[in-house]
Amino acid sequence: MKIERFHLERWMTTWELDVDYDIAESGIAPLSIAELLRIDADDDAYEALAVLATIPLGYSEARGTAALRQAVAQTYNNVEADDILITTGAIEANFLLFHALLDRGDHVVVVAPAYQQLLSVPRSIGCDVTPWRLLPERGLAFDLDELERLLRPNTRLIVINSPHNPTGSVLAEADLRRIANLAEDRGALVLSDEAYRGLEHGDGPPMPSSMRDLSANGIGVGTLSKAYGLPGLRIGWIAANPDIVQRCWGLRDYVSLSPGKLNDHLAHIAVARRAAIFARNRRIIAANLETARAWFAANADLCTWTEPRAGLLALMRYTLDLPSEVVADGLARDASVMLAPGAAFDNEGYLRIGIGQHPAIFREGLDRTATYLRALSARR
Ligand SMILES: Cc1ncc(COP(=O)(O)O)c(C=O)c1O
């Protein structure tokens, strides 16, 4: 298989061990095992740790334990445990789905910019990939009329992602229903990457239904990496009809076989306690949004942003006339701050910011960014 270099992942690995203020991250400040065991629990976290210590580390159930699949299914309105396949993060879920559903020459429409996997894997399969663009001149909003124009009678798959990485734009319930209808009319499927579901903002729109609950042709991809703050568990899932689940499972037999047993156990605890976890994470987002609003107001000569409507990510436009990778490398090297280069998303002139970091690190990261950009502007 020939595949494009994953630009953002490579850039992040260049700097992530060296910088002190990583405000590029697409995740939320992660929970420790002790925090997860303590949150919303009556018993002592260390008793729960003792239970963990007794789990035999054999192979786990290949699809994910029935208990975990049942718990995940209950986060939807209309989904059974057999409609769920537990995967190694959303990244494996997407990879399996593309390979199970697509053949060379198939027409696929994919939201763009996007988490690069969503564009690169269909291209690597030899699909005819049409990007559905969120344009700065349209406020980085989803344009449903444009999507309708891009679809063809033989379109096989529509790939969406909402809340969206990297813009923080959101598809409302009515938009999702329209996409479902457009797909059904053409016999197409919809892969809805819902990695950032559950991360609505206090004053933003309510989270709409999953695409899986809206259409027989809908496929939902979920993960514990974002809204749950548990990326290290590497637990994601596919919610789809049992035929698609079986086909993806058949492929997964050759890749990762089954989820790690401890991870499956901890994931079950996290899904059961999600209300408390989401509340903790929304508090972090609310604090960082307040900091960011004040910072952008004070530094409008350096940077502007389209505030995210939900999720953890947004694009910020800087006024300096320099390539985004030069600015991002300089920030990392000279100010110990990580903001991701827009070039990794084909959005030159922008940096991607994540609003999930610990509030103190987030604030200091932004302050250092202003100092660095101001000094750079003065030198030019
Ligand atoms: C839109 C999107 N999908 C999938 C992933 C992969 O997430 P996971 O950690 O669940 O594999 C990411 C990670 O940043 C993402 O932003």
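As the structure is a prediction and not an experimental result, all values here were calculated from the model. Quick note: residue numbers are just sequence positions, from 1. One-based numbering, in listed order, for ligands and for the atoms of each.
- Only side-chain heavy atoms of Lys226 come within less than 4.0 Å of ligand 1; its backbone N, CA, C and O stay farther off.
- Listed by number with element, the atoms of ligand 1 under 4.0 Å from a non-hydrogen atom of Gly89 are 10 (O), 11 (O).
- When every heavy atom of Ala314 is checked against every heavy atom of Thr306, the shortest pair comes out as CB-O, 3.9 Å.
- Residue Gln117 places no heavy atom under 4.0 Å from ligand 1.
- The closest heavy-atom contact to atom 16 (O) of ligand 1, among the options Tyr196, Tyr228, Phe95, Trp237, comes from Tyr196.
- Nearest to atom 6 (C) of ligand 1 among the protein's heavy atoms is Tyr115 OH, 3.5 Å.
- Under a 4.0 angstrom heavy-atom cut-off, Gly236 registers as lying outside contact with ligand 1.
- Checked by distance only, ligand 1 and Leu118 stay at 3.5 Å or farther apart across all their nitrogen or oxygen atoms.
- At a heavy-atom distance under 4.0 Å, atoms from both the backbone and the side chain of Ile91 approach ligand 1.
- The distance from ligand 1 to the heavy atoms of Ser225 drops below 4.0 Å at these ligand atoms: 8 (P), 9 (O), 10 (O).
- Residues Phe345 and Tyr115 place their aromatic rings such that the two centres sit no closer than 6.0 Å.
- One side chain, Arg352 or Asn165, offers a donor N or O that lies under 3.5 Å from an acceptor on the other.
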Practice prompt. Could you give me the CA-CA distance, side-chain angles and deciding distance for Arg133 and Asp143, then say whether salt bridge (Lys or Arg N to Asp or Glu O under 4.0 Å) is met?
Written response: CA-CA 8 Å; Arg133 293 190 192 284; Asp143 180 344; over 6 Å; no
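- Between the CE atom of Met1 and the NE2 atom of His99 there is a distance of 5.0 Å, given to the nearest 0.5 Å.
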Practice prompt. Go through Arg178 and Asp145 one step at a time and tell me if the salt bridge (Lys or Arg N to Asp or Glu O under 4.0 Å) criterion holds.
Written response: CA-CA 10 Å; Arg178 184 166 165 200; Asp145 294 334; 2.7 Å; yes
Discussion item. Does Glu35 form a salt bridge (Lys or Arg N to Asp or Glu O under 4.0 Å) with Arg38? I'd like the steps, not just the answer.
Written reply: CA-CA 5 Å; Glu35 270 179 286; Arg38 219 167 22 223; 5.8 Å; no
Anything under 3.5 Å between a donor and an acceptor, one on a side chain of residues 328-336, the other on a protein residue two or more places apart or in another chain? List them.
{"unit_1": "Asp329", "atom_1": "OD1", "unit_2": "Trp11", "atom_2": "NE1", "d": "2.8"}
{"unit_1": "Asp329", "atom_1": "OD1", "unit_2": "Trp15", "atom_2": "NE1", "d": "3.0"}
{"unit_1": "Ser336", "atom_1": "OG", "unit_2": "Asp20", "atom_2": "N", "d": "2.8"}
{"unit_1": "Ser336", "atom_1": "OG", "unit_2": "Asp20", "atom_2": "OD2", "d": "3.4"}

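- Against a heavy-atom cut-off of under 4.0 Å, Thr223 is close to the following atoms of ligand 1: 8 (P), 10 (O).
- For atom 7 (O) of ligand 1, the closest non-hydrogen atom on the protein side is Ala90 CB, 3.9 Å.
- With distances taken over non-hydrogen atoms, the option nearest atom 2 (C) of ligand 1 out of Asn165, Asp193, Asn161 is Asp193.
- Remark: Glu25 pairs with no residue by the salt bridge (Lys or Arg N to Asp or Glu O under 4.0 Å) rule, at least two apart or across chains.
- Here's the thing with Arg234: one of its N/O atoms is less than 3.5 angstrom from an N/O atom of ligand 1.
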